[in-house]
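Below you'll find the structure, written out as structure tokens, and then a few comments.
Scope of the values below: all heavy atoms of this structure, side chains included, with no hydrogens, waters or symmetry mates.
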Amino acid sequence: MGTPYWDYRCATEACRCLIAFAKEYCSLTTLQVMHLVGNERSKSVITKLGIGYLGAGGSPHNSPNPQVCVRR
């Protein structure tokens, strides 16, 4: 999402809708989310969604940046 749209809670609301859709129409039962360490905006969205922190680890895409994994 472009910076002009930050701080409007669009990302949080979009994620809530996507999760609700996936639960209803795709039988979603487990959700795992990752964000780059230091990406406080993504961390904030994930926290607002009520997804709990599991721990930090290496990137699954062989990136030099570690990622933080969280799971609902």
[X] [atom1] to [Y] [atom2] distance, which is reported to the nearest 0.5 Å:
X     : Y     : atom1 : atom2 : result
Lys23 : Thr29 : NZ    : OG1   : 10.0 Å
Cys17 : Glu13 : SG    : CD    : 4.5 Å
Leu49 : Ile19 : CG    : CD1   : 5.0 Å
Ile46 : His35 : CD1   : NE2   : 4.5 Å

Which residues satisfy the side-chain contact (heavy atoms from CB on, under 4.5 Å) test with Thr47, sequence neighbours excluded?
-> Lys43
Test side-chain contact (heavy atoms from CB on, under 4.5 Å) applied to Leu18 - qualifying residues, sequence neighbours left out | none
With sequence neighbours left out, write down each residue that passes side-chain hydrogen bond (donor to acceptor under 3.5 Å, both in side chains) with Ser42, or none if nothing qualifies.
->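 Applying side-chain hydrogen bond (donor to acceptor under 3.5 Å, both in side chains) to Ser42 gives Asn39.
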Shortest non-hydrogen contact between Val33 and Leu31, atoms and distance | CG2-CG, 3.9 Å
